[in-house]
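Take a look at the structure set out below.
Fair warning: this is a prediction, and the values are worked out from it, not measured in the lab.
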Amino acid sequence: MAKPEATGTERDAAGPDATQRPPSPRSIAVWVLVGLVGALGWGVLALSRGEEISAAWLLAAALGSYAIGYRFYARFIAHRVLKVDKTRATPAERLDNGVDFHPTDRRVLFGHHFAAVAGAGPLVGPVLAAQMGYLPGTIWIVAGVIFAGAVQDMVTLFFSTRRDGRSLGQMARDEIGPVGGAAALVAVFAIMIILLAVLALVIVNALAHSPWGVFSIGMTIPIALFMGFYLRVLRPGRVTEVSVIGVALLLLAIVAGGWVAESSLAGTFTLEKETLVVWMVAYGFVASVLPVWMLLAPRDYLSTFMKVGTIALLAVGVVIAMPTLKMPAVTEFATRGDGPVFAGSMFPFVFITIACGALSGFHSLVSSGTTPKMIQKETQVRVIGYGAMLTESFVAIMAMIAACIIEPGLFFAVNSPPGVIGTTVETASQAVTGFGFAISPDALAQAAKDVEEASLLSRTGGAPTFALGMSEIFSAVIGGAGMKAFWYHFAIMFEALFILTTVDAGTRVGRFMLQDTLGNVHKSFKDVSWKPGVWLASAVVVGGWGYFLWVGVKDPLGGINQLFPLFGIANQLLAAVALAVCTTLLVKSGRLKWAWVTGVPLAWDVAVTLTASYQKIFSSDVKVGFFAQRDKYQAGIDADQVLPPAKSMDEMHTVVTNATVDGVLSVLFAVLIVIVLLDAARTCFKAISAPESVKLSEVPWSESKIVAPAGLIATAEERAELAAAGLDSGGGRAKEPVA
């Protein structure tokens with residue numbers, strides 16, 4: 001069917017604003033109040049000089065900014081820039097096969113998308129960046145998500161939806177050209193394997209020897225299977241019903257996990273790291289080949305209740321307990337660049353350390369992977385792409401608060417390596433005092449005792465610090481000091497659940513990406529439902545990240561541990577690819593005047609990541625530069641000296657190898673990204689100078705038969721449209737002709 005002359009994109013370009021009534025005085029008053037709350041929060045944070053201020057001000061600044069950004073900026077992009085078209089059928093509707101393509105209720109899809117993109121980053125990145133003080137990280141988290149991260153996610157989702165859910169790498173090949181596209185395909189796939197292995201390592205470390213965590217997280221799988229069949233077979237469309245049942249079962253699983261940990265079954269669920277790796281690889285493969293409605297979507301939706309619910313309760317706890325921010329707004333490490341948690345100056349390394357929560361390239365893989373194959377309507381890209389990213393950013397804000405309300409001395413004792421603070425509370429106290437943050441040995445010992453840990457020294461990685469802050473807030477509201485240990489271990493389990501959903505969705509995304517790539521060689525792979533292709537691609541992806549994970553678990557200096565230092569930069573370089581593809585598509589599709597929407601964050605991200613890459617490659621500081629580190633340890637080998645953290649000459653050789661590999665990969669990734677950027681610039685210039693030569697891989701318009709709301713809550717007009725179509729709030733194919 002041909003597209004009607006004055007409907008769809010053109011009508012929406014006039015905007016829903018053209019058909020809606022002007023804002024009421026009440027609405028204006030509400031948004032003015034929201035803006036004032038956010039402005040007041042920022043004012044207090046910016047003007048404080050040395051005194052401790054309430055964490056509630058940080059909360060107010062973030063929430064006020066998010067609300068304004070979503071209501072106005074995201075709406076502007078969706079309707080003026082992208083011109084979303086509710087009359088256009090999405091791939092989920094046109095290609096529905098019940099396996100990968102499946103129109104999914106936007107509430108369930110929001111849960112899936114959020115759970116898939118919200119991994120370790122928003123929990124641990126802000127914690128580590130707190131070394132610089134709470135203000136630099138907070139500004140980047142909020143400003144970064146509103147103008148860069150959420151924009152990337154929404155625009156990538158939109159363009160992938162217009163291209164049958166094509167992966168980011170394939171879109172780069174189709175739209176930028178074979179040279180830049182090939183560079184993008186190689187860079188994106190290699191970076192994705194590294195990211196998945198890093199995320200999996202965090203989960204393994206969190207769940208090892210934790211029967212509570214293993215049982216509770218394991219139970220989410222049968223619960224999700226039940227939810228999937230409930231929505232598909234037993235009670236189709238009854239999202240509210242299955243949500244209540246699923247959340248009740250999830251809470252029971254969490255409580256039962258505590259019982260199991262204290263029972264005779266504890267040994268059964270106490271797993272070694274190697275065993276966890278095997279189970280995770282098996283689960284990743286199964287989750288990536290099963291129909292998306294059966295396990296992946298309901299499990300992610302279920303996990304979102306726990307994730308968002310816990311973070312929301314944490315925010316309520318901040319409002320009730322009103323803890324103060326004990327970390328300074330800006331520390332001396334921000335200018336000196338010699339911090340014990342991570343080395344490097346505030347620019348660029350705060351922006352590299354805080355990836356997820358502000359701007360994360362990994363998100364673009366999900367936005368061009370599972371989500372565009374499940375979205376009901378183009379108009380939902382705003383709530384799912386932009387809205388889910390704002391939600392993740394709020395998680396990052398809560399992580400920043402958790403890190404900054406504990407004593408700075410304790411923060412640095414937990415996050416500094418043994419080589420800096422030693423291995424006893426006495427040496428740690430002395431070292432931390434030298435940083436300018438005094439804490440006594442007794443206080444360090446008591447902090448560990450409060451959460452029933454033998455020691456908190458050098459519990460690096462960010463997760464234990466987040467758990468400490470979380471236990472501090474929750475115990476102040478519920479249970480007092482006697483409940484700190486419970487809340488601490490609950491937080492550790494919560495973090496593992498938070499991250500696991502990223503690994504299973506990421507594996508499926510990797511499968512799509514590999515199938516797209518192999519489809520350029522053998523056309524059968526382009527059919528994402530072709531079983532041999534599904535199984536082969538899934539096996540290659542899980543085999544890739546599983547190998548690095550296995551070696552990393554067996555060897556503390558090998559496998560993914562070797563590549564861990566590349567995580568932050570690689571993730572941000574991936575964002576540069578996504579933003580370059582989006583900017584190119586804006587130019588090629590006739591939206592040149594709006595290209596700044598993704599072009600400005602692209603320029604910023606390129607400046608940050610290439611600066612960081614340059615420093616990691618060429619810096620003479622052994623704490624920053626990979627090759628400087630290699631030279632130092634090679635000199636130690638030549639002098640027959642063993643330098644920490646190595647404990648033997650064999651480990652010295654391993655450190656040299658790791659530093660060399662990391663340095664070479666840093667060069668390779670930077671070169672690949674520069675090739676993508678140059679080819680994207682060439683394509684944009686050609687599109688501007690010769691618009692008649694532009695060829696887009698966008699699929700032709702076809703009419704949508706699905707009626708569904710654009711947001712999580714239907715408007716009055718949408719409710720009327722649903723009623724006329726004989727549908728409930730979940731939407732779907734019209735049962736009767738729409739009046």
Side-chain angles (χ1 to χ4, degrees), residues 33-42 44-45 52-71 110-111 114-115 118 121-127 129-130 134-135 137-142 144-146 150 247 251 254 303-327 354 356-358 387-406 462-463 465-479 483-484 486-488 490-491 493-495 497-498 712:
L33 180 61
V34 169
L36 288 175
V37 168
L40 184 60
W42 283 116
V44 172
L45 293 177
E52 292 183 2
I53 63 172
S54 172
W57 290 115
L58 197 155
L59 206 61
L63 289 176
S65 300
Y66 294 153
I68 296 294
Y70 181 78
R71 171 60 179 82
F110 177 92
F114 169 74
L123 292 176
V124 303
V127 171
Y134 65 77
L135 193 56
T138 298
I139 292 173
W140 171 234
I141 290 169
V142 177
V145 73
I146 291 172
V247 170
L251 293 175
I254 293 170
S303 300
T304 295
F305 276 99
M306 182 178 176
K307 293 178 176 183
V308 176
T310 301
I311 293 299
L313 288 176
L314 197 58
V316 172
V318 168
V319 174
I320 295 174
M322 299 290 283
T324 58
L325 297 170
K326 296 182 172 61
M327 186 70 73
I354 300 178
C356 302
M389 181 55 187
L390 287 184
T391 307
E392 181 182 332
S393 183
F394 183 56
V395 174
I397 285 294
M398 297 313 301
M400 179 65 74
I401 289 175
C404 293
I405 63 168
I406 64 176
T465 304
F466 177 81
L468 280 173
M470 188 170 171
S471 67
E472 191 78 23
I473 294 169
F474 276 155
S475 63
V477 179
I478 304 173
M483 286 288 287
K484 271 190 177 182
F486 170 83
W487 290 121
Y488 175 84
F490 172 84
M493 187 273 296
F494 162 78
E495 290 173 296
L497 174 64
F498 211 104
L712 296 179

Kindly indicate whether the side chain of [X], heavy atoms from C-beta on, has any atom under 4.5 Å from the side chain of [Y].
| X | Y | result |
| --- | --- | --- |
| Met398 | Leu123 | no |
| Leu135 | Ile139 | yes |
| Val34 | Arg71 | no |

Identify the heavy atoms of [X] and [Y] that sit nearest to each other, and give their distance.
| X | Y | value |
| --- | --- | --- |
| Ala358 | Trp140 | CB-NE1, 3.4 Å |
| Ile401 | Ala55 | CG2-CB, 3.8 Å |
| Ala315 | Leu59 | O-CD2, 3.7 Å |

Pair Ile141-Phe394, side-chain contact (heavy atoms from CB on, under 4.5 Å): steps then yes or no: CA-CA 9 Å; Ile141 290 169; Phe394 183 56; over 6 Å; no
So how far is it from [X] [atom1] to [Y] [atom2], rounded to the nearest 0.5 Å?
| X | Y | atom1 | atom2 | answer |
| --- | --- | --- | --- | --- |
| Trp57 | Thr138 | CH2 | OG1 | 15.5 Å |
| Ile473 | Leu314 | CD1 | CG | 4.5 Å |
| Leu63 | Leu58 | CG | CG | 9.5 Å |
| Ile354 | Met400 | CD1 | CE | 4.5 Å |
| Phe486 | Ile478 | CZ | CD1 | 9.0 Å |
| Phe114 | Glu392 | CZ | CD | 6.5 Å |

May I have all residue pairs that pass side-chain hydrogen bond (donor to acceptor under 3.5 Å, both in side chains) and include part of residues 466-475, sequence neighbours excluded? Glu472-Lys484
Contacts of Phe490 that satisfy ring-ring contact (aromatic ring centres under 6.0 Å, His included) - sequence neighbours left out: Trp487
Who passes ring-ring contact (aromatic ring centres under 6.0 Å, His included) against Tyr66, sequence neighbours left out? none
Quick one: side-chain contact (heavy atoms from CB on, under 4.5 Å) partners of Ala61, sequence neighbours excluded? Trp42, Leu45
Listed partners of Ala399 passing side-chain contact (heavy atoms from CB on, under 4.5 Å), at least two apart: Pro126, Val127, Phe466
List the atom pairs, donor and acceptor, that lie under 3.5 Å between side-chain atoms in residues 317-326 and the rest of the protein, sequence neighbours left out.
{"unit_1": "Thr324", "atom_1": "OG1", "unit_2": "Glu52", "atom_2": "OE1", "d": "3.0"}
{"unit_1": "Lys326", "atom_1": "NZ", "unit_2": "Ile405", "atom_2": "O", "d": "3.4"}

